[in-house]
Amino acid sequence: MNQEIGTITVRGGVVLRASPAREPCFRVVEDQADMAKFPEGSFEHRREMLHGDVNEEVQSLEIAAQSLVDFPDAPWDIRLQLARQCWDEVRHARAFLSRLRELGGYKGEFPIINQEWGVVCMFDSLVGRLAVQNRLFEGGSLDVFKEGVGTWTRWGDPVTAEIMDAVVADEVQHVRFANEWFERLRKENPRALLKAIAAMDSVRASAAPLTPPEMKMEHDIPVNIEDRRGAGFAI
Ligand SMILES: [Fe+2]
Ligand SMILES: [Fe+2]
């Protein structure tokens, strides 16, 4: 991978890869402080969450697809997993978008931010990208979506809760294939894992400057132990 990539510098001086293209109906922001923040549980908030989920899934698709382009010499089974992931992420984006529309929302109703793409696609190694995207971010999504199942159920919306549940099942596999590859590397080529560790360290360091105080989570998300175990985490 040696092509020139466009970058942006955002809050706290963090350098990110410039956003992928979006349809003109979307307002793409670079600072989390410019995202909408409606009162939790309000109908606007629910649509805003689904709207954000659509864009998250599209970013997951774009990250996996860009890795296929950037790392043509990666092991065949990993490329196959990435291609399968692309298909899963498309289905997730479609499921969230159609649910958003059923609830009266539409594309471009709220601002969007492409920070995951921006962070992950700065790394010039596939182990770095998989460590951050699949292991760290999608690993985190196992907790977030699992909590989402309970939250949407509590809001009296079992249809959206069921979509969340189906998405978690696919995400487990996205985390697992990365974890399995790292386990293999640990035995066969431990030096390659140094890039993965460095990538995760640098993301942890940039997380705080990227998140303005008003956008910090107001509660700790419970750890989804069962799915994390299924995804190959030793917990
Ligand atoms: Fe997904
Ligand atoms: Fe995923």
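The model shown is predicted, which means the values in this text are computed figures rather than measured ones. First listed ligand is number 1; within each ligand, the first listed atom is number 1. If you read the sequence from its start, that first residue is 1, and numbering goes on from there.
Computed with the Fe ion (ligand 1) at the centre, the Glu57 OE1 to Glu171 OE2 angle is 140°, stated to 10 degrees. For His92 atom ND1 and Glu89 atom OE1, the angle they make at the Fe ion (ligand 1) is roughly 90°, to 10 degrees.
In this structure, a donor-acceptor pair under 3.5 Å is absent between the side chains of Ser67 and Asp70. Side-chain contact of Gln81 with His174: a donor-acceptor pair under 3.5 Å is absent, judged by distance alone.
Stacking of Arg154 on the aromatic ring of Trp152 is not recorded, the 6.0 Å distance cut-off and the 45° axial limit not both being met.
Side-chain contact between Glu89 and Val58 is absent, with no heavy atoms from C-beta onward closer than 4.5 Å.
Looking at His174 and the Fe ion (ligand 2) together, the shortest N, O or S contact belongs to ND1. The Fe ion (ligand 2) is closest to atom OE1 of Glu138 (considering only N, O or S atoms).
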